[in-house]
Participant: 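I have a structure I would like to understand better, so I am pasting it below and will then ask my questions one at a time.
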Amino acid sequence: MKRDVAQLGEQQFDLAVIGGGVHGATIAALAAATGLSTVLLEKGDFCGGTSANSLKILHGGLRYLQHMDLPRIRDSIISRRWMLKNFPELVEPLQCIMPTSGRAMRSKAAMAAGLFINDIFSCTRNFGVLPEKHLKCGKVVSKLSCAKIMKGLDTANISGGAIWYDALALNTERIVLELVTRLTELGGKAANYITVKQIAREGGSGVLCCADTDSGQEITVRAGTVVNTSGPWCGQFNDLEKGTGQVCKGWSRAVNLIVKPELFSGYAVGLEGKSSFVDKDAVIQKGKRLFFFVPWRGKTMIGTVYTSHQDPQIPPIVSRSELEAMLSEINQIYPAGNLQYEDIVNYHMGLMPSVPSDDGGPFDVQLDKKEVLIDHSVEDGLENVFTVKTVKYTTAFSVACQFLEALVGKGILKNDKWKKVVQSPFEDSALGPDIVSVPARLRQRYGRQAKGVLPYLARLGDAKKNVGTEDALDSGEIRYAVEQEMALHLDDVLLRRTDIATDALPSEQVLEDSADIMMEVCGWSRERRSLELERIRKHFQPLS
């Protein structure tokens with residue numbers, strides 16, 4: 001997977017995809033698998049925005065029963081299964097539990113009925129999935145069993161617990177990089193740090209006026225079809241403003257905390273927040289927003305808190321006082337955790353589409369729950385130009401299939417076997433029998449690419465074998481990230497290629513050593529090295 005900007009303007013593509021998050025990468029990889037020549041353009045780094053900033057849960061749609069949204073439940077189940085099938089090293093089953101109480105919708109009887117209905121809807125959830133990745137049926141358990149799982153929780157008003165199974169993405173960024181890599185293996189092109197400034201049509205082709213933010217070079221990319229999957233920035237193009245104006249206008253900032261202790265061993269736990277919340281889309285009201293406590297890498301992710309964010313062009317930031325307020329509510333929900341500010345080792349933050357409203361306070365955010373495919377030939381007069389407004393990491397596969405179906409309807413995609421092709425766009429659904437020889441740490445970090453990393457690992461006698469003093473990052477992995485995976489910045493390597501900084505800020509020695517290796521491989525000046533260190537430290541600034 002090489003970054004060759006010059007090649008982007010040298011051919012006419014069938015499809016240009018703008019936005020390298022999970023939705024853009026999935027569309028690009030699946031389109032290439034059907035035979036369409038495809039190019040993927042990302043203005044920052046691949047999976048550098050909202051796609052990387054989540055609770056990592058691939059939901060099967062159980063919570064959408066309260067909305068009676070059966071199509072969304074179906075899409076969630078299909079897409080979750082696709083993730084489990086195609087990324088077995090990066091996705092694993094996750095057991096979830098929520099306390100039951102009272103006689104209404106949170107009672108054991110009501111939750112048992114909901115779990116039964118969910119299991120009927122998801123009866124195909126394990127088709128084609130490796131046996132060790134199968135998801136079990138849901139069940140209700142006793143008050144005593146619930147108390148054993150959620151140690152220290154006040155059980156005075158609890159009657160038991162409802163257990164169900166979803167999936168956990170161990171590495172959301174690597175899933176996206178796997179898709180980008182597969183795109184290039186299939187003959188497609190991809191480049192990060194390419195800003196699309198204008199979209200037009202000329203002579204039957206889409207014309208994208210772009211700039212390489214690394215070199216400043218201007219590039220023109222041509223493609224028969226263009227799809228805008230740029231997430232919070234989907235409404236940024238003046239050329240598409242009529243079509244996107246009403247759809248891409250409300251946004252909220254989503255924040256999750258990562259804390260040092262793993263609070264509930266092996267379980268994701270759903271607990272009600274203290275503040276009231278009315279979901280205007282729900283047929284059945286819960287009255288409170290749920291907080292999920294998710295086990296991840298020996299720590300706990302907790303979220304999500306949503307606040308209104310008016311302009312997606314302004315990068316979201318979070319203050320120490322906001323993190324403290326979030327931690328305070330978490331401690332009210334689960335006092336036994338007794339979390340201190342020093343226990344916060346990282347936070348994940350992204351922008352989510354929400355319904356614009358003048359009602360309520362800054363935390364009364366109504367999330368937009370519907371993906372939308374916009375055909376700009378209708379509103380903006382641009383034939384074969386589309387925008388996809390996305391709402392959920394899990395459903396990237398279903399959204400990609402909806403888009404490909406639209407291309408079939410327009411006669412652009414003529415492969416009548418495309419639905420079968422996209423089920424397994426990789427050459428195999430697992431990594432092969434010899435993958436067991438690759439260290440587990442590398443398999444979880446690199447998925448299918450783990451075997452390709454091995455030749456880059458430093459030799460035992462090399463002075464710079466380990467980065468820092470821990471045995472968590474090999475200097476050869478940094479070289480691999482730069483030479484084979486388009487890493488241009490230090491945070492590209494530490495946050496998205498090696499994930500060493502995803503769950504917590506690495507030690508100062510790791511940062512310094514990594515910057516030294518990047519400086520050597522990339523030919524940086526001392527000034528550039530300092531700027532790169534400042535760039536990654538800035539993310540962790542509220543925690544210092």
Participant: Out of curiosity, Ile199 CD1 to Leu208 CG, how far, rounded to the nearest 0.5 Å?
Facilitator: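 Taking CD1 in Ile199 and CG in Leu208, the distance rounds to 6.0 Å.
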Participant: Are any side-chain N or O atoms of Asn228 and backbone N or O atoms of Cys234, one a donor and one an acceptor, separated by less than 3.5 Å?
Facilitator: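 Yes: the side chain of Asn228 pairs with the backbone of Cys234.
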Participant: My understanding is that only residues two or more places apart in sequence, or in another chain, count here; which of them pass side chain to side chain contact (heavy atoms under 4.5 Å, CB included) with Ser252?
Facilitator: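 Residues passing side chain to side chain contact (heavy atoms under 4.5 Å, CB included) with Ser252: Tyr306, Met352, Ser354, Val365, Leu367.
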Participant: Can a side-chain donor-acceptor contact be found between Ser79 and Ser398 if the only test is distance below 3.5 angstrom?
Facilitator: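 Side chains of Ser398 and Ser79: pair found under 3.5 Å.
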Participant: Could you check whether the rings of Phe426 and Phe87 sit parallel, tilted or perpendicular, using 30° and 60° as the cut-offs?
Facilitator: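 Correct class here is perpendicular.
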Participant: Taking C-beta and beyond as the side chain, do Leu257 and Asp343 meet within less than 4.5 Å on heavy atoms?
Facilitator: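 A side-chain contact is absent here, since even the closest heavy-atom pair is not under 4.5 Å.
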Participant: For Asp75, enumerate each residue passing the salt bridge (charged side-chain N to carboxylate O under 4.0 Å, His left out) test, keeping only those at least two apart in sequence or located in another chain.
Facilitator: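 Residues passing salt bridge (charged side-chain N to carboxylate O under 4.0 Å, His left out) with Asp75: none at all.
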Participant: Going by heavy atoms in the side chains, are Leu8 and Leu41 under 4.5 Å from each other?
Facilitator: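 Leu8 reaches Leu41 side chain to side chain.
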Participant: Tell me, do Lys56 and Met301 make a side-chain contact under 4.5 Å, heavy atoms counted?
Facilitator: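 Yes, their side chains come closer than 4.5 Å.
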Participant: Are Phe46 and Leu40 close enough, and set up right, to give a side chain to side chain contact (heavy atoms under 4.5 Å, CB included), and what steps lead you there?
Facilitator: CA-CA 10 Å; Phe46 302 118; Leu40 175 65; 4.1 Å; yes
Participant: Can you list everything that forms a side chain to side chain contact (heavy atoms under 4.5 Å, CB included) with Pro506? Sequence neighbours excluded, please.
Facilitator: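 Once residues adjacent in sequence are excluded, the partners of Pro506 under the side chain to side chain contact (heavy atoms under 4.5 Å, CB included) criterion are Ile500, Ala501, Val510, Leu511.
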Participant: Got a second to check how far Lys451's NZ is from Leu442's CG, nearest 0.5 Å?
Facilitator: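 Spacing of NZ (Lys451) from CG (Leu442) equals 13.0 Å.
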Participant: Per the side chain to side chain donor-acceptor pair (under 3.5 Å) rule, what does the pair list look like for residues 291-302, sequence neighbours excluded?
Facilitator: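 Pairs touching residues 291-302 that pass the test: Arg297-Asp499, Lys299-Asp503.
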Participant: Can you list the steps and then say if Tyr341 with Leu543 is a side chain to side chain contact (heavy atoms under 4.5 Å, CB included)?
Facilitator: CA-CA 8 Å; Tyr341 195 79; Leu543 303 180; 4.0 Å; yes
Participant: Within 45 degrees of the axis of the six-membered ring of Tyr480 and under 6.0 Å from its centre: does Arg497 put its NZ or CZ there?
Facilitator: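 No; the conditions do not both hold, so Arg497 does not lie above the ring face of Tyr480.
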Participant: Determine whether a donor-acceptor pair (N or O, by modelled atom type, separation under 3.5 Å) exists between the side chain of Gln310 and the backbone of Ser308.
Facilitator: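 Here the side-chain-to-backbone pair does not exist.
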Participant: Within the side chain of Trp82, is there an N or O that forms a donor-acceptor pair under 3.5 Å with the backbone of Gln423?
Facilitator: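 Side chain of Trp82 to backbone of Gln423: a pair is present.
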Participant: Just so I know, are the side chains of Leu183 and Met1 near enough to count as touching, which here means a heavy-atom distance under 4.5 Å?
Facilitator: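 Not touching, per the 4.5 Å side-chain cut-off.
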Participant: Would you give the length of the straight line joining atom OG of Ser514 to atom CG of Leu490, rounded to the nearest 0.5 angstrom?
Facilitator: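 Separation between the atoms: 6.0 Å.
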Participant: With sequence neighbours excluded, tell me which residues meet side-chain hydrogen bond (donor to acceptor under 3.5 Å, both in side chains) with Thr184.
Facilitator: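 Expected list: none.
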Participant: Under 4.5 Å between any side-chain heavy atoms of Asn256 and Val294, yes or no?
Facilitator: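 Counting from C-beta outward, Asn256 and Val294 never come under 4.5 Å.
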Participant: Carefully, step by step, assess Phe237 and Ile18 under the rule side chain to side chain contact (heavy atoms under 4.5 Å, CB included).
Facilitator: CA-CA 11 Å; Phe237 300 107; Ile18 304 169; 4.1 Å; yes
Participant: Can you name the salt bridge (charged side-chain N to carboxylate O under 4.0 Å, His left out) partners of Glu185, sequence neighbours left out?
Facilitator: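 Partners of Glu185 by the salt bridge (charged side-chain N to carboxylate O under 4.0 Å, His left out) criterion, ordered by chain and then number, come out as Arg182.
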Participant: With sequence neighbours left out, write down each residue that passes side chain to side chain contact (heavy atoms under 4.5 Å, CB included) with Glu371, or none if nothing qualifies.
Facilitator: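 Result, side chain to side chain contact (heavy atoms under 4.5 Å, CB included) vs Glu371: Val391, Lys392, Thr395, Val399.
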Participant: Name the one of Lys2, Arg174, Arg479, Arg3 that satisfies salt bridge (charged side-chain N to carboxylate O under 4.0 Å, His left out) with Glu485?
Facilitator: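 With Glu485 as partner, Lys2, Arg174, Arg479, Arg3 yield a single salt bridge (charged side-chain N to carboxylate O under 4.0 Å, His left out), made by Arg174.
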Participant: Going by the rule salt bridge (charged side-chain N to carboxylate O under 4.0 Å, His left out), which residues pair with Glu534 if we only count those two or more places apart in sequence or in a different chain?
Facilitator: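 Scan of Glu534 (salt bridge (charged side-chain N to carboxylate O under 4.0 Å, His left out), adjacent residues dropped) gives none.
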Participant: Answer yes or no: is there an ion pair linking Arg529 with Asp516, defined by an N-O contact shorter than 4.0 Å?
Facilitator: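 Yes, charged N to carboxylate O under 4.0 Å.
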Participant: Would you check if Glu173 and Thr502 make a side-chain contact, meaning some heavy-atom pair closer than 4.5 Å?
Facilitator: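 Yes; the side chains approach each other to less than 4.5 Å.
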Participant: For the atom pair CG (Leu186) and CG (Leu36), what is the distance rounded to the nearest 0.5 Å?
Facilitator: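 Between atom CG of Leu186 and atom CG of Leu36 there are 11.0 Å.
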Participant: Could you check whether any side-chain N or O of Arg445 sits under 3.5 Å from a backbone N or O of Thr498, counting only pairs where one atom can act as donor and the other as acceptor?
Facilitator: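 Yes, because the side chain of Arg445 sits within donor-acceptor range (under 3.5 Å) of the backbone of Thr498.
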Participant: Test: ring-ring contact (aromatic ring centres under 6.0 Å, His included). Region: residues 486-526. Which pairs qualify, not counting sequence neighbours?
Facilitator: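 Matches after skipping sequence neighbours: Tyr193-His489.
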Participant: For atom CD of Gln313, decide whether the heavy atoms of other residues, nucleotides or ligands shown that lie under 6.0 angstrom number more than 12.
Facilitator: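 Count over threshold, so yes.
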Participant: Could you tell me whether the side chain of Asn53 and the main chain of His348 form a donor-acceptor pair under 3.5 Å?
Facilitator: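 No: the side chain of Asn53 does not pair with the backbone of His348.
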Participant: Output every pair passing ring-ring contact (aromatic ring centres under 6.0 Å, His included) with a member in residues 496-517, not counting sequence neighbours, ordered by first then second residue.
Facilitator: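 As it turns out, there is no ring-ring contact (aromatic ring centres under 6.0 Å, His included) pair with a partner in residues 496-517 once direct neighbours are skipped.
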Participant: Quick one: list whatever passes side chain to side chain contact (heavy atoms under 4.5 Å, CB included) with Leu170, sequence neighbours left out.
Facilitator: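 By the side chain to side chain contact (heavy atoms under 4.5 Å, CB included) rule, Leu170 matches Glu92, Leu168, Gln444.
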Participant: I'd like to know if the side chain of Asn126 and the backbone of Pro131 have a donor-acceptor N/O pair within less than 3.5 Å.
Facilitator: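 Answer holds: no.
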Participant: Main chain of Gly19, side chain of Trp233: is a donor-acceptor contact present, judged purely on distance under 3.5 Å?
Facilitator: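 It does not hold such a pair.
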Participant: Does atom CD1 (Ile317) have a neighbourhood of more than 12 heavy atoms from anything else shown, all under 6.0 Å?
Facilitator: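 It does not: Ile317 CD1 has 12 such atoms or fewer within range.
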Participant: Indicate yes or no: at least one non-hydrogen side-chain atom of Phe403 is less than 4.5 angstrom from one of Leu30.
Facilitator: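 Sidechains of Leu30 and Phe403: no contact.
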Participant: If you take all heavy atoms of Gly128 and Lys85, which pair is closest and at what distance?
Facilitator: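 For Gly128 and Lys85, the tightest heavy-atom pair comes out as O-CG, 3.4 Å.
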Participant: Run the salt-bridge test on Glu89 and Lys133 with the 4.0 Å N-O cut-off and return the result as yes or no.
Facilitator: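 Salt bridge absent between Glu89 and Lys133.
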Participant: Does the His134 side chain pair with the main chain of Val129, one donor and one acceptor, at a distance under 3.5 Å?
Facilitator: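 Looks like yes, one N/O pair under 3.5 Å.
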Participant: Indicate whether any N or O donor in one side chain lies under 3.5 Å from an N or O acceptor in the other, for Arg253 and Thr307.
Facilitator: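 Yes, side-chain donor-acceptor contact under 3.5 Å.
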Participant: Please walk me through it: do Tyr456 and Gln484 pass side chain to side chain contact (heavy atoms under 4.5 Å, CB included)?
Facilitator: CA-CA 10 Å; Tyr456 278 81; Gln484 297 296 331; 2.9 Å; yes
Participant: Are Arg441 and Glu477 within salt-bridge range, i.e. N to O under 4.0 Å?
Facilitator: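 Result for this pair is yes, salt bridge flagged.
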Participant: When rounded to the nearest 0.5 angstrom, what is the spacing between CD1 in Ile78 and OG1 in Thr394?
Facilitator: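 These two atoms lie 13.0 Å from each other.
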Participant: Of all heavy-atom pairs between Thr172 and Ala169, which one has the smallest distance, and what is that distance?
Facilitator: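 So the two residues come closest at CG2-CB, 3.7 Å.
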Participant: Counting N and O atoms only, with roles assigned by atom type, does the side chain of Asn331 sit under 3.5 Å from a partner on the main chain of Ser328, one being a donor and the other an acceptor?
Facilitator: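 Not at all, since once roles are kept as given, no pair shorter than 3.5 Å links the two residues.
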Participant: Strictly distance-based, threshold 3.5 Å: is any side-chain N or O of Ser54 a donor or acceptor partner for the main-chain N or O of Thr50?
Facilitator: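 Absent.
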Participant: Hey, what do you get for OH (Tyr334) to NZ (Lys151), rounding to the nearest 0.5 Å?
Facilitator: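 Going from the OH atom of Tyr334 to the NZ atom of Lys151 covers 9.0 Å.
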Participant: Taking side-chain hydrogen bond (donor to acceptor under 3.5 Å, both in side chains) as the test, write out the residues that go with His539, two or more places apart.
Facilitator: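 Asn346.
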